[in-house]
Trainee: 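Below you'll find the structure I mean.
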Protein chains: 2
Amino acid sequence: MQPRDPARISTTGALHQPEDGRLLRGARSRARIREAARALFQERGFDAATLRAIAARAGMGASSIYRHVRSKHELLVLELADLQEEAWLDFRRQDARTTPTRERIQKFFQSQHELLARHPDLTVIAIRATTYPDSRISARVLALNDRTIGLLAEILQGGRALGDLDPRVDVLAAARALFHGAIGARISWANGLLSEGACRTEIEGTVELLFRGLGRAPNSS
Amino acid sequence: MQPRDPARISTTGALHQPEDGRLLRGARSRARIREAARALFQERGFDAATLRAIAARAGMGASSIYRHVRSKHELLVLELADLQEEAWLDFRRQDARTTPTRERIQKFFQSQHELLARHPDLTVIAIRATTYPDSRISARVLALNDRTIGLLAEILQGGRALGDLDPRVDVLAAARALFHGAIGARISWANGLLSEGACRTEIEGTVELLFRGLGRAPNSS
DNA sequence: GCATTTGTGCGAACAGAATCGCATAGATTT
DNA sequence: AAATCTATGCGATTCTGTTCGCACAAATGC
């Protein structure tokens, strides 16, 4: 029988039975691993952050990490989840349901972008994780993306209720289009083809474009 | 002095001076490498296609490959370029400038999709290549993407001339939005979260969405 | 003809992620 | 207390992309 599944280590490092000394030790190890990983990802970037280095900083052998995590990319996913949480909190703090929909969307991308700008490396690697052979990893990143798309859809839905939007529009499809447009811009940015400002502008452009629509509109100015 | 830069091996394997026996030999090797790579990518997928296996099938040692190619991903880029060329040819064969713009766009994505459907693996890995540490690789994939975006922009531009489109719209931005929307759908598809049909539908939906626009339109039905 | 340069090939070696078998300490059962 | 089970840890090993130093052969210059 398999002893234990290093399925996912909880973000908080919380433990199930605080009585069991083994589990407690494990939880502490997980916490140290996460700290080390975050720090090293930040300092050297994902690729340069060796698993051995992470292990060393966490005070253990490299192979031991695999007791807690299935792959290096899993550590990345955990970091991404935290980052997303942070971006959402930042957005929610300044968001008001009464603001015009287009503006709310723009604000959201700003919140997200401000955080990602501090972690250009993770932005790229997040996309790479999407192509990871182990579907458990790629699926989790895609799930994170879906959550963001869901939030965007929620905003759009609110806009529809307020009459900001054409009621016939597919809110989810629109959210996806917005999200993927942003990703596209960020890939260019993370590859140095776009400055941070240009990236932001391009994202804004995508939002404007979607809100205007391509088809010939009768209301001109 | 550096002996020679394995910059890019020409798609056709053409040689500069057919007199030089060394260059000729090299060209032949390159051709064999490309054949082997294509076959093995197709048979086992990119990740499972070992460089040693490719080299063996090409009849040489693994390290020799690096005389002709800078990395495994470069082999991928070459394959992608060919695939793109093929998709374009297929599209151009059936395309007519008189068709409605929206329909032309849809047709293009169909052509492209039909080809990618036969290479789901490459579809994913192309995205991964976008995050490759060596910017020479990622830049080349992004350049391929930009070419596609350019074609889309060209179609849209034609549509604008015909009066199919709102003349105020940013054609390039629209092309980018379309392209990235398609990519997003394909990631889901390649990860098994979307059936091939659903992927196609989602792409079509993105096109429709962009052509309709999100903002409240006065012309309802 | 001889030295030099250049394009190509090879086997050994390296680094990094991931796996394996064994060890051990804490918990559980009898 | 003994036996067993379980969560954790570790060093050795495997697999893979890539680099290195050397060898060789075809071209070029003198």
Side-chain angles (χ1 to χ4, degrees), chain A residues 1-7 9 13 15-33 37 40 44-56 58-76 125 128-129 132-134 136-137, chain B residues 1-7 9 13 15-33 37 40 44-56 58-76 125 128-129 132-134 136-137:
Chain A
M1 310 294 161
Q2 293 294 60
R4 176 132 126 96
D5 190 12
I9 65 187
L15 33 93
H16 293 163
Q17 295 98 341
E19 318 90 12
D20 194 330
R22 297 170 304 176
L23 297 177
L24 201 133
R25 188 168 169 221
R28 283 206 238 277
S29 291
R30 280 189 277 280
R32 284 198 326 268
I33 290 172
L40 283 171
R44 315 186 188 171
F46 182 82
D47 286 322
T50 302
L51 214 53
R52 288 171 175 82
I54 297 175
M60 58 200 308
S63 60
S64 302
I65 290 194
Y66 288 89
R67 286 278 173 223
H68 306 282
V69 160
R70 256 193 288 253
S71 70
K72 189 183 175 187
H73 276 79
E74 191 162 307
L75 285 171
L76 173 80
I125 311 292
R128 189 192 296 172
Y132 196 71
D134 179 358
R136 282 168 301 203
I137 291 295
Chain B
M1 311 291 162
Q2 295 292 63
R4 175 133 127 96
D5 191 11
I9 65 186
L15 33 94
H16 293 163
Q17 295 98 339
E19 320 90 12
D20 194 330
R22 296 171 302 180
L23 297 178
L24 200 131
R25 187 167 169 224
R28 282 205 237 277
S29 291
R30 281 189 277 280
R32 285 199 325 269
I33 290 171
L40 283 171
R44 315 185 188 172
F46 183 82
D47 286 321
T50 303
L51 246 149
R52 286 169 173 84
I54 296 174
M60 57 200 305
S63 61
S64 303
I65 289 194
Y66 286 86
R67 286 280 173 223
H68 306 284
V69 159
R70 257 194 287 254
S71 69
K72 189 184 177 187
H73 275 79
E74 189 163 307
L75 286 171
L76 173 80
I125 310 292
R128 190 192 299 173
Y132 197 71
D134 179 358
R136 281 169 302 201
I137 291 294

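Proteins come first, then strands; the chains are lettered A, B, ... in the order of their sequence lines, and each starts at number 1.
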Trainee: Suppose we screen for side chain to side chain donor-acceptor pair (under 3.5 Å). Which residues come up paired with A/R128, at least two apart in sequence or across chains?
Mentor: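 Counting only residues at least two positions away or on another chain, A/R128 forms a side chain to side chain donor-acceptor pair (under 3.5 Å) with A/D47, B/T131.
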Trainee: How close or far is atom P of C/dG16 from atom CG of A/L40, stated in whole angstroms?
Mentor: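 Rounding to the nearest Å, CG of A/L40 and P of C/dG16 are 13 Å apart.
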Trainee: Rounded off to whole Å, could you give me the CD1-to-P distance for the A/I54 and C/dA17 pair?
Mentor: 8 Å
Trainee: Is there a side-chain contact between A/M60 and A/I33 (heavy atoms, below 4.5 Å)?
Mentor: yes
Trainee: My understanding is that only residues two or more places apart in sequence, or in another chain, count here; which of them pass ring pair (Phe, Tyr, Trp, His ring centres under 6.0 Å) with B/Y132?
Mentor: B/H73
Trainee: Mind calculating the distance between CZ (A/R25) and P (C/dA25) to the nearest angstrom?
Mentor: 9 Å
Trainee: B/K72 and B/A49: which non-hydrogen atoms are nearest, and at how many Å?
Mentor: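 Closest heavy-atom pair between B/K72 and B/A49: NZ-O, 2.9 Å.
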Trainee: Distance check needed: C/dT8 C1' versus B/L24 CG, whole Å only.
Mentor: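 Taking atom C1' of C/dT8 as the reference, CG of B/L24 is at 13 Å.
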Trainee: Within less than 4.0 Å of OP1 or OP2 of C/dG7, is there a side-chain N or O belonging to B/H68?
Mentor: no
Trainee: A/R44 has an atom CZ; how far is it from atom P of C/dG16, in whole Å?
Mentor: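 After rounding, the reported distance stands at 10 Å.
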Trainee: Can you tell me how far C1' of C/dA27 sits from CG of A/L23, to the nearest Å?
Mentor: 10 Å
Trainee: Checking side-chain contact (heavy atoms from CB on, under 4.5 Å) for the pair A/D134/A/S71: CA distance, chi angles, key distance, verdict?
Mentor: CA-CA 9 Å; A/D134 179 358; A/S71 70; 5.5 Å; no
Trainee: How long is the span from the CG atom in B/L75 to the CG atom in B/L51, to the nearest 0.5 Å?
Mentor: 7.0 Å
Trainee: Rounded off to whole Å, could you give me the CZ-to-P distance for the A/R136 and C/dA18 pair?
Mentor: 12 Å
Trainee: Not counting sequence neighbours, which residues clear side chain to side chain donor-acceptor pair (under 3.5 Å) with A/R25? List them please.
Mentor: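 In terms of side chain to side chain donor-acceptor pair (under 3.5 Å), with neighbours along the sequence ignored, A/R25 is linked to no residue.
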Trainee: Once you round to the nearest 0.5 Å, how far does CD1 of B/I65 lie from CZ of B/R52?
Mentor: 10.5 Å
Trainee: Within the 4.0 Å limit for protein heavy atoms, which parts of nucleotides 11-24 of chain D are touched? Write it as a string from 5' to 3', B for base, S for sugar-phosphate only, - for none.
Mentor: B----BBBB-BB--
Trainee: For A/R44, which residues count as a salt bridge (Lys or Arg N to Asp or Glu O under 4.0 Å) partner, sequence neighbours excluded?
Mentor: none
Trainee: Roughly how many Å is it from CZ in A/R32 to C1' in D/dG9, rounded to a whole number?
Mentor: 11 Å
Trainee: Protein-nucleotides 27-30 of chain D N/O pairs closer than 3.5 Å?
Mentor:
unit_1	atom_1	unit_2	atom_2	d
D/dA27	OP1	B/E19	O	3.4
D/dA27	OP1	B/G21	N	2.6

